[in-house]
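What follows is a set of notes on a single structure, which appears directly below.
Along the sequence shown, residues are numbered consecutively beginning with 1. All values reported here derive from a predicted model rather than from experimental measurement. Values below: every heavy atom of this structure, side chains too, minus hydrogens, waters and symmetry copies.
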Amino acid sequence: PYCPSANSSNFAKLTMYQFFTVNGYLAALRQRGVDVRVDGDHDHARAIVPDDWNTRTFFADARNHAVLITGLEPEEEDLEAVYHRVINSSAATAAIV
């Protein structure tokens, strides 16, 4: 399962329309510190953005790479994802101590 360790307010779900390819767009987001996970085909992705992220950057980079964003919504962690995140962070803390 997808179990990021970031704050849940940093999650975003992207839906994109590709004129050519979204690879350049996704690479640009990654260069800005965004953790991007593509969901199956290349028209859906999940992103974990840095704390100082401005949502407008999604759109500016998309324009520069001929990608049309057709959906952008915050993604809430479900109970299973919270459980795995807490367990994973507890295990990592126990390993350090």
Side-chain angles (χ1 to χ4, degrees):
Y2 180 69
C3 302
S5 60
N7 181 333
S8 64
S9 65
N10 293 4
F11 291 66
K13 184 176 172 185
L14 288 164
T15 307
M16 303 163 286
Y17 176 80
Q18 57 187 353
F19 293 102
F20 299 105
T21 178
V22 298
N23 291 337
Y25 173 60
L26 298 178
L29 292 177
R30 288 182 180 115
Q31 287 178 346
R32 293 182 183 276
V34 177
D35 180 7
V36 180
R37 311 277 172 102
V38 176
D39 290 346
D41 50 18
H42 276 81
D43 62 346
H44 289 88
R46 297 175 192 277
I48 302 172
V49 298
D51 289 332
D52 61 345
W53 185 257
N54 185 333
T55 305
R56 296 180 74 188
T57 308
F58 279 125
F59 297 95
D61 281 349
R63 183 185 64 225
N64 292 336
H65 290 90
V67 172
L68 175 65
I69 296 176
T70 59
L72 177 63
E73 59 188 80
E75 182 171 75
E76 301 295 327
E77 284 183 290
D78 63 7
L79 188 55
E80 181 181 0
V82 171
Y83 171 79
H84 287 288
R85 180 171 50 84
V86 170
I87 294 301
N88 290 338
S89 67
S90 296
T93 303
I96 293 171
V97 176

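Among all heavy-atom pairs drawn from R30 and V38, the shortest one is NH2-CG2, 4.5 Å. The two residues A28 and H65 make their nearest non-hydrogen contact at CB-CE1, 3.6 Å.
Going from atom CZ of F59 over to atom CG of N64 covers 13.5 Å, rounded to the nearest 0.5 Å.
Residues satisfying the salt bridge (charged side-chain N to carboxylate O under 4.0 Å, His left out) criterion with R63, sequence neighbours excluded, are absent altogether.
With hydrogens and angles disregarded, no donor-acceptor distance shorter than 3.5 Å links the side chain of Y25 to the backbone of A66.
When V67, I69, L26, L29 are each tested for a side chain to side chain contact (heavy atoms under 4.5 Å, CB included) with D61, only one passes: L29.
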